[in-house]
Amino acid sequence: MPDSGLRAVLWDMDGTLLDSEKHWDVAVRELSLRLGGPMSEQTRRATIGASSDGALQVIFDSLGLAHEPEALAEAKEWMYVRVEELFGDGLEWRPGARETLQVVRDAGLAAALVTNTERRLTEPALDVLGRDFFDVSVCGDEVPSGKPAPDPYLRGAELLGVDPRRCLAVEDSPTGTKAAVAAGCTVLVVPSEIEVPEGAGRVFRASLEGVTVSDLEAAWGYTRV
């Protein structure tokens, strides 16, 4: 393979590789009702792609609840137990995701899973995804700050031993895209639940179906010209 300059692909999980946002949707809406009222669409949009702590703060703010540590911890545990139940019902792939993971592997590129989801829920998801597709994985509870901070992507690149500027991140949300761009990565944006705004350092594609290694190299190289 010619040297394109691309060294690694950093994968988001929820909404990018797995159609798991629908499970989170159920859990956060039920949690909002449990805490005091129905969730507005604006609030739901603000939770997509956020870390669990960030999402909980958004939900508490929407209901006018104080950020009391004990209440936040109790809500988080309830939400995680519910998501675990929903994940147990089955996780489905996003279109073209599994095939593109194989393309990356066949091309000899390094690969990392970089998710805001905490390790507790990422481990069962990795069983579905296939651990052999990834050299390393980084979870939201393993970095100082989750997305939209650059920390998860910086850590993923560090573990791979690759300059973030030689990495292509694959994302579906505004939060994750912002994190990857801030880390210095080029981002291949494949929107899922919500629209991602245009901006520097990002290339858009409708789905991962039919992606080739040349497509990945071209996406990375497009913003490096």
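For the single chain, residues carry numbers from 1 onward in sequence order. Keep in mind that what you see is a predicted model, and the values were worked out from it rather than measured.
- Using a 4.5 Å cut-off between side-chain heavy atoms of Ile, Leu, Val, Met, Phe, Trp and Tyr, with links allowed through other members, Ile194 and Val203 fall into different hydrophobic clusters.
- Looking at every heavy atom in both residues, Thr117 comes nearest to Thr122 through O-OG1, 3.3 Å.
- For the side-chain hydrogen bond (donor to acceptor under 3.5 Å, both in side chains) with Glu171, the qualifying choice from Lys178, Arg202, Lys147 is Lys147, the only one to do so.
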query: What do the steps show when you test Glu118 against Ser52 for side chain to side chain donor-acceptor pair (under 3.5 Å), and what is the final call?
result: CA-CA 8 Å; Glu118 296 188 5; Ser52 58; 3.0 Å; yes
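- Salt-bridge annotation for Arg119 and Glu123: present, with a side-chain N of the basic residue lying under 4.0 Å from a carboxylate O of the acidic one.
- Of the possible donor and acceptor atoms, none in the side chain of Ser207 sits under 3.5 Å from a partner among the backbone N and O of Pro95.
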Would you tabulate the side-chain donor-acceptor contacts of residues 85-94 under 3.5 Å, counting partners in other chains and residues two or more places apart, or write 'none'?
unit_1, atom_1, unit_2, atom_2, d
Glu85, OE1, Arg82, NH1, 3.0
Glu92, OE1, Lys22, NZ, 3.3
Arg94, NE, Gly15, O, 3.3

query: Between Thr186 and Tyr222, is a side-chain contact (heavy atoms from CB on, under 4.5 Å) present by the stated rule, with each step listed?
result: CA-CA 9 Å; Thr186 295; Tyr222 180 80; over 6 Å; no
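- Residues Thr43 and Ser62 approach most closely at OG1-CB, 3.4 Å, considering heavy atoms.
- Among all heavy-atom pairs drawn from Leu31 and Leu56, the shortest one is CD2-CD2, 3.6 Å.
- Heavy atoms from other residues, nucleotides or ligands lying under 6.0 Å from CG of Asp127 number more than 12.
- Side chain of Trp220 to main chain of Leu188: no donor-acceptor pair is present (N/O by atom type, distance under 3.5 Å, no hydrogens or angles).
- For Ser173 (side chain) and Gly176 (main-chain N/O), a donor-acceptor pair under 3.5 Å exists by modelled atom type.
- Between the side chain of Ser137 and the backbone N or O of Leu113, no donor-acceptor pair lies under 3.5 Å.
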- request: Begin with the C-alpha distance, continue with both residues' side-chain angles, and end with the deciding distance and a verdict on side-chain contact (heavy atoms from CB on, under 4.5 Å) for Leu129 and Trp11.
  value: CA-CA 11 Å; Leu129 290 167; Trp11 295 95; over 6 Å; no
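- Taking the charged nitrogens against the carboxylate oxygens, Asp53 and Lys76 do have a contact shorter than 4.0 Å, which makes a salt bridge.
- Using modelled atom types, no side-chain atom of Asp135 and backbone atom of Ala110 make a donor-acceptor pair closer than 3.5 Å.
- Using a 4.5 Å cut-off between side-chain heavy atoms of Ile, Leu, Val, Met, Phe, Trp and Tyr, with links allowed through other members, Leu160 and Phe134 fall into different hydrophobic clusters.
- A donor-acceptor pair shorter than 3.5 Å cannot be found between the side chains of Ser32 and Arg29.
- Minimum interatomic distance between Gly140 and Val143 (heavy atoms only, all atoms of both residues): O-CG2, 3.8 Å.
- Summarising the geometry of Leu6 relative to Cys167, their closest heavy-atom pair is CD1-C, 4.1 Å, with the distance given to 0.1 Å.
- Ion pairing between Asp163 and Arg7 fails under the 4.0 Å rule for side-chain N and carboxylate O.
- Between Asp172 and Ser192 the shortest heavy-atom distance is OD2-CB, 3.3 Å.
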field: Glu68/Phe60 under side-chain contact (heavy atoms from CB on, under 4.5 Å): CA gap, chis, key distance, verdict
entry: CA-CA 10 Å; Glu68 297 177 359; Phe60 272 55; over 6 Å; no
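- A donor-acceptor pair under 3.5 Å links the side-chain atoms of Arg105 to the main chain of Asp132, judged by distance alone.
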